[in-house]
*Asks:* 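Quick one: the structure is below, questions incoming.
Counting convention: from 1, in listed order, for ligands and their atoms alike.
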Amino acid sequence: MVYNVTLIPGDGIGPDVTAAARKVLEATGISFNWEIAEAGAGVMGKYGTPLPDSVIASIRKNRVALKGPVTTPVGTGFRSVNVALRKSLDLYSCLRPCKTYPGVPSPYKGVDIVVVRENTEDLYAGIEYERGTPEAARMLKLVAETRGQIREDTGISLKIISEFGSRRIIEYAFNYAKAEGRRKVTAVHKANILKYSDGLFLSVAREIARSYPEIEFKDVIVDNLCMQLVRDPQQFDVLVLPNLYGDIISDLCAGLVGGLGMAPGANIGEGLAVFEPTHGSAPKYAGLNKVNPLATILSGMLMLRYLKEPEAADRLEKAVAAVVAEGRDVTYDMKPDKTGGVSTSRAAEAVIEKL
Ligand code: NAD
């Protein structure tokens, strides 16, 4: 069987890490037919957009993609390609396993957390009103009529949380926990302050939890979660979160298990999935063949599981674990003093040798 997979190299360090992951995936013995799709700032000149329709069409056709990170300008410029991709394909579930493999540079041992982040709503819904525009003025007027005056020089970003969106991500988290034999789901929120958005998310979580009596359910306020994660991360299993907290907590959890270089991810919708590392494009390391490819390689491991190739996925995960445990052929970020380390391509070769 040959799998047709869309490969989006991305920009910054994306081309380095996706090239490494592609080689490793091919070395598992599974056959891939890669369809290369370009996205990001670099293709603006060629296509007039950082996310050409052809990229979306390719993923719709192949139903599976492996993606490198894509840069998003801060504050101004085009909207995030990543957010647009997840929204247009309705990839509502972002799955980010964070596990300490023996040998990773982390004071924590035995962490095995899966972050399940809602991917389409919340403050990332992209519903924003720029300060000083007529649309912002209309919103301010509406608020003044119903809730009271807000300063005129206000920019507005709406936090959108629906029952539908909450239900499907929370059900996804419980079904994932059940399928993977996990024991506990924790819903993360700030429902004490955000009563009608996070409050809705929490009430849906409590209701759904009743249908899964075999899985322990807890809820936690997001600031308390941050403190608990730093003090005692082993108490957590599956975390389910609205979009913004999910984004932030994913990076926190990556930090617990050795850093962004070790944090894989998957964006999953109905019959479609895009696999990508949690990290971004780290522009200062672009083209240096220097950064850690393991997060992207482990994203490939998640892709193999999704494609129902568990034997190849297990072999790949063991090969990565063996390279990390040896600690010789790893990149700088995995070294105790964060210097030295092998190149991106050498780290990938080391995984291939273990395979
Ligand atoms: P980043 O994740 O790109 O990098 C932060 C730091 O983490 C880097 O400077 C580097 O020290 C370290 N790092 C990241 N990946 C690494 C790797 N593979 N190996 C070793 N070290 C690694 O975060 P940022 O600097 O905040 O964002 C840069 C750009 O990436 C922004 O434009 C942002 O919008 C974008 N971004 C894209 C995605 C995505 O495509 N899914 C995700 C996050 C950020």
*Asks:* Taking L95 as the starting point, is it possible to reach L307 by hopping between hydrophobic residues whose side chains are less than 4.5 Å apart?
*Replies:*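 L307 clusters together with L95.
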
*Asks:* From atom 30 (O) of ligand 1, is the closest protein heavy-atom distance below 4.0 Å?
*Replies:*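 At least one protein heavy atom is under 4.0 Å away.
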
*Asks:* Heavy-atom contacts under 4.0 Å between T278 and ligand 1: side chain, backbone, both, or neither?
*Replies:*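 Near ligand 1, T278 shows its backbone, while the atoms from C-beta on stay back.
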
*Asks:* Under 4.0 Å from atom 39 (C) of ligand 1, is there at least one protein heavy atom?
*Replies:*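 When distances to the protein are checked, atom 39 (C) of ligand 1 has a heavy atom within 4.0 Å.
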
*Asks:* Distance-only criterion, 3.5 Å: show the donor-acceptor pairs between side-chain atoms of residues 341-348 and protein atoms not counting sequence neighbours.
*Replies:*
residue : atom : partner : partner atom : Å
S343    : OG   : S345    : OG           : 3.4
S343    : OG   : R346    : N            : 3.1
T344    : OG1  : K290    : N            : 3.0
T344    : OG1  : V291    : N            : 3.1
T344    : OG1  : V291    : O            : 2.7
S345    : OG   : N289    : OD1          : 3.3
S345    : OG   : N289    : ND2          : 3.0
R346    : NH1  : E349    : OE1          : 3.3
R346    : NH1  : E353    : OE2          : 3.0
R346    : NH2  : D329    : OD2          : 3.1
R346    : NH2  : E353    : OE1          : 3.2

*Asks:* Would a single hydrophobic cluster contain both Y108 and L239, if residues Ile, Leu, Val, Met, Phe, Trp and Tyr are joined by side-chain heavy-atom contacts under 4.5 Å?
*Replies:*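 L239 and Y108: one cluster.
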
*Asks:* How many angstroms lie between OG in S88 and CG in D53, if you round to the nearest 0.5 Å?
*Replies:*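 S88 atom OG to D53 atom CG measures 9.0 Å (nearest 0.5 Å).
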
*Asks:* Does the protein put any heavy atom within less than 4.0 Å of atom 44 (C) of ligand 1?
*Replies:*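 It does: a protein heavy atom is found less than 4.0 Å away from atom 44 (C) of ligand 1.
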
*Asks:* Answer with side chain, backbone, both or neither: which part of T71 has a heavy atom less than 4.0 angstrom from an atom of ligand 1?
*Replies:*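 Both backbone and side chain.
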
*Asks:* Heavy-atom contacts under 4.0 Å between L260 and ligand 1: side chain, backbone, both, or neither?
*Replies:*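 Answer for L260: side chain.
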
*Asks:* Considering only the protein, which heavy-atom contact is closest to atom 10 (C) of ligand 1, and what is its distance?
*Replies:*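 Going atom by atom, the protein heavy atom closest to atom 10 (C) of ligand 1 ends up being Y285 CE1, 3.7 Å.
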
*Asks:* Taking distance alone, with N or O pairs closer than 3.5 Å, would you say N292 contacts ligand 1?
*Replies:*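 Yes.
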
*Asks:* Could an N or O of ligand 1 be found under 3.5 Å from any N or O of A282, whether backbone or side chain?
*Replies:*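 Yes - when backbone and side-chain N and O of A282 are compared with those of ligand 1, one distance drops under 3.5 Å.
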
*Asks:* Working to the nearest 0.5 Å, report the span between CG of D153 and CZ of R131.
*Replies:*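 Output value for this atom pair is 7.0 Å.
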
*Asks:* For atom 18 (N) of ligand 1, is the nearest protein heavy atom under 4.0 Å away?
*Replies:*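 Answer yes: something from the protein, a heavy atom, is under 4.0 Å.
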
*Asks:* Of H279, R86, E276, K67, which has the heavy atom at the shortest distance from atom 42 (C) of ligand 1?
*Replies:*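 Residue with the shortest heavy-atom distance to the ligand atom: H279.
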
*Asks:* With R86, which of E118, E121, E276 fulfils salt bridge (charged side-chain N to carboxylate O under 4.0 Å, His left out)?
*Replies:*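 Testing each of E118, E121, E276 against R86, the sole residue satisfying salt bridge (charged side-chain N to carboxylate O under 4.0 Å, His left out) is E276.
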
*Asks:* Could you check, using the six-membered ring where one of them is a Trp, whether F201 and Y245 have ring centers closer than 6.0 angstrom?
*Replies:*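 No: the rings miss the under 6.0 Å criterion.
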
*Asks:* Quick check for you: to the nearest 0.5 Å, what is the distance between E135 atom CD and Y129 atom OH?
*Replies:*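 So the CD of E135 and the OH of Y129 are separated by 8.0 Å.
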
*Asks:* Measure the OG1-CD1 distance between T6 and I36 for me, rounded to the nearest 0.5 Å.
*Replies:*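 Going from the OG1 atom of T6 to the CD1 atom of I36 covers 9.5 Å.
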
*Asks:* Is atom 36 (N) of ligand 1 less than 4.0 angstrom from at least one protein heavy atom?
*Replies:*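 Protein heavy atom within 4.0 Å of atom 36 (N) of ligand 1: present.
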
*Asks:* Distance-only criterion, 3.5 Å: show the donor-acceptor pairs between side-chain atoms of residues 169-178 and protein atoms not counting sequence neighbours.
*Replies:*
residue : atom : partner : partner atom : Å
N175    : OD1  : Y212    : OH           : 2.6
N175    : ND2  : E171    : O            : 3.3

*Asks:* Check each atom of ligand 1 against the heavy atoms of N82 and keep those under 4.0 Å away; list them by number with element.
*Replies:*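 Every atom of ligand 1 under 4.0 Å from some heavy atom of N82: 37 (C), 38 (C), 39 (C), 40 (O), 41 (N).
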
*Asks:* Looking only at protein heavy atoms, which one is nearest to atom 32 (O) of ligand 1, and how far off is it?
*Replies:*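 It is T72 N, 2.8 Å.
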
*Asks:* Would you mind checking which non-hydrogen protein atom is closest to atom 20 (C) of ligand 1, with the distance to 0.1 Å?
*Replies:*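 Among all protein heavy atoms, the one nearest atom 20 (C) of ligand 1 is Y332 OH, 3.4 Å.
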
*Asks:* If you measure from NE2 on H189 to CG on L225, what distance do you get to the nearest 0.5 Å?
*Replies:*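 These two atoms lie 10.0 Å from each other.
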
*Asks:* Protein heavy-atom contact under 4.0 Å for atom 1 (P) of ligand 1?
*Replies:*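 Given the 4.0 Å limit, the answer for atom 1 (P) of ligand 1 is yes, a protein heavy atom qualifies.
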
*Asks:* Give yes if a backbone or side-chain nitrogen or oxygen of V70 is under 3.5 Å from a nitrogen or oxygen of ligand 1, and no if not.
*Replies:*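 Such a contact does occur with ligand 1.
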
*Asks:* Just to check, does K284 reach to within less than 4.0 Å of ligand 1 when the distance is taken from its heavy atoms?
*Replies:*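 Within the 4.0 Å threshold, so yes.
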
